[in-house]
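A quick write-up on the structure given underneath.
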Protein chains: 2
Amino acid sequence: MDHVLSEDRRALKHVQVREYVRSLVSDGVPGTPAPSERELVAKFGVARMTVRQAMDALVIEGLLERVPGRGTFVARPRRTVSTVLSFSEDMTRRGMAPESHTLLARREQAGPGVARALDILEGDAVIHWRRLRRADGEPMSLQDTYLPELHLPGFLEPGGMPPSLYEELAQRRLRPTWVEDSYSSDVANAAEAALLEIEQGAPVLRRQRRGVAGEKVIEVSRSIYRGDRYNLHVQLGQAD
Amino acid sequence: MDHVLSEDRRALKHVQVREYVRSLVSDGVPGTPAPSERELVAKFGVARMTVRQAMDALVIEGLLERVPGRGTFVARPRRTVSTVLSFSEDMTRRGMAPESHTLLARREQAGPGVARALDILEGDAVIHWRRLRRADGEPMSLQDTYLPELHLPGFLEPGGMPPSLYEELAQRRLRPTWVEDSYSSDVANAAEAALLEIEQGAPVLRRQRRGVAGEKVIEVSRSIYRGDRYNLHVQLGQAD
DNA sequence: TAGTGGTCTAGACCACGAA
DNA sequence: TCGTGGTCTAGACCACTAA
């Protein structure tokens, strides 16, 4: 008998089969055949339903594709749609080096607009964080972020803000998994122009973001991007 | 025995169970319990694996949620992400009445840029369609759309363009199911300003779109939106 | 303790595709 | 004809939740 299954009784069989197939197939060219279900039954000494459970997961994931009567094959990668990115991730994808300079970081009382957007009460404590974001050393964006202090105890304390907002939120399992962004085209005012090192009246892209983690609104922000340096890229799929 | 299963032998059992549960549950409040798996086994006289196959589909769909040890319940609707919209659909969602005025509609030879974007050869025939789009009677956008004539025989002929591009493409089963958009903030030049009835130098949002249906690039377009009238709204989800 | 979903078995018959 | 995935059965034991 093949000693393929881990001795660790805690490892579920369908998970072991799934990960075995994934390792076989993850760097495969689309169209490459995966082992047949009955092959895996023989190899692992499990029931066919167990193998199917393992393969089902990979099919749902988009890694495999079943063709009745022929077999199971590596699927062509699905076209991806845009996901939630932090500024740092966005710049890194563009091949630029992100930087962050804190201009302001303090506790404030939520005004009516921020309170409504954050789904908290007017006057509740919020963390207001204003940053100048650079890419490859040059100003790219100005961001005003508001966070509900209630859900982020100790965020403001330890002598400084975290190096990365989204990574800090991720560690607290509060990174936004869903955002609602609104973009508009406008021109820079004098103060913005000075910080971004552009001319007053130069075109900028303004973004308002509401970021949601689970059921909680965890971030509200207003950002300005230099129109001469920043293009917004979005990939959208279709509704079902 | 319950005569719940259809007499129609062609109807698969797991499909019948699935649709039965869906009908019970589709207009239910989140948290409402679905029948237990063993209840459905008894009611339909099928194996539990068959019931689980039916429920799996509804769980994947996001309609149901399993809670081990407790039961299966109507899930709260997932937050939706942005999908591909036509100008008309976009305006309608905003509660405005869309209009379209064709400024130009003719066959052209693809230039290098359009050819590359459409994944065709330079010099291949393309349909170039230029439209002024109004919302509630006022100019909103200027759109230059390029379509590969190869995939759209007879598109230009019948004495006029179709009233709606995306509906015409949908009828040919060529409506884009995936798009790649690039937005930038800029200012209007003299010609654009005249058509959009704004001042030269006023802020505008420029969009470049590549629309893909199946494996074919079916649309390439450049659009200008008035910055004083148009905000882009996007909802994004997370990567897995 | 009773009921739930999660996992798993060891078979079976079917329609379909390729040789 | 043979191998494939699709469907289906009639059980089983487990961990967990709620009463």
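Just so we're on the same page: letters track the sequence lines, and every chain starts at 1. These figures come from a predicted structure and were not determined experimentally. No hydrogens, no waters, no symmetry mates; every other heavy atom, side chains included, goes into these values.
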**Message:** Among Arg130(A), Arg131(A), Arg222(A), which residue satisfies the salt bridge (Lys or Arg N to Asp or Glu O under 4.0 Å) criterion with Asp144(A)?
**Reply:** Arg130(A)

**Request:** Please check the phosphate of dT7(D) (OP1 and OP2 only) for any side-chain N or O of Thr50(B) closer than 4.0 Å.
**Result:** no

**Prompt:** For the side chain of Arg38(B) and the base of dG5(C), is some donor closer than 3.5 Å to an acceptor across the two?
**Reply:** yes

**Item:** Candidate nucleotides dG6(C), dT7(D), dT9(D), ranked by approach to the side chain of Ala47(B) - the nearest
**Value:** dT9(D)

**Message:** Testing the 3.5 Å rule here: is there a donor-acceptor pair between the side chains of Tyr230(A) and Asp90(A)?
**Reply:** yes

**Item:** Interatomic distance where CG belongs to Leu58(A) and P belongs to dG5(D) [whole Å]
**Value:** 13 Å

**Asked** Counting side-chain heavy atoms from CB outward, which of dT7(C), dT9(C), dG5(D) is closest to Val46(A)?
**Response** dT9(C)

**Request:** Rounded to the nearest angstrom, tell me the gap between atom CZ in Arg66(B) and atom C1' in dG6(C).
**Result:** 9 Å

**Prompt:** Which sits closer to the 5' end of DNA chain D, Met49(A) or Met55(A), going by the nucleotide each is nearest to?
**Reply:** Met55(A)

**Prompt:** Can a side chain N or O of Ser36(B) be found less than 4.0 Å away from OP1 or OP2 on dG3(C)?
**Reply:** no

**Prompt:** What integer distance in Å separates Arg18(B):CZ from dG6(D):C1'?
**Reply:** 14 Å

**Item:** Gln143(A) versus Arg133(A), side-chain donor and acceptor atoms under 3.5 Å
**Value:** yes

**Message:** Expressed as a whole number of angstroms, how long is the span from Leu12(B):CG to dT9(D):C1'?
**Reply:** 15 Å

**Request:** May I have the distance from Glu37(A) (atom CD) to dG11(C) (atom C1'), rounded to whole angstrom?
**Result:** 15 Å

**Request:** Could you tell me the separation between the CZ atom of Arg52(B) and the C1' atom of dG11(D), rounded to a whole number of Å?
**Result:** 15 Å

**Message:** Using ring centroids (six-membered ring only for Trp), state whether Phe44(B) and Tyr20(B) fall under 6.0 Å.
**Reply:** yes

**Asked** What is the distance from CZ of Arg48(A) to P of dG11(C), rounded to the nearest Å?
**Response** 14 Å

**Request:** Report yes if a side-chain nitrogen or oxygen of Arg70(A) is closer than 4.0 Å to either non-bridging phosphate oxygen (OP1 or OP2) of dC16(C); otherwise report no.
**Result:** no

**Fill in**
Between Pro68(B) and Ala34(A), the residue closer to the 5' end of DNA chain D by nearest nucleotide is Ala34(A)

**Item:** Side-chain N or O of Thr72(B) closer than 4.0 Å to phosphate OP1/OP2 of dG5(C)
**Value:** yes

**Message:** Measure CZ/Phe44(A) against P/dC8(C) and give the value in whole Å, please.
**Reply:** 12 Å

**Item:** Sole candidate of Arg107(A), Gln109(A), Glu108(A) that passes side-chain contact (heavy atoms from CB on, under 4.5 Å) when paired with His128(A)
**Value:** Glu108(A)

**Lys13(A) side chain, from C-beta outward: closest of dT9(C), dT7(D), dT7(C)** = dT9(C)

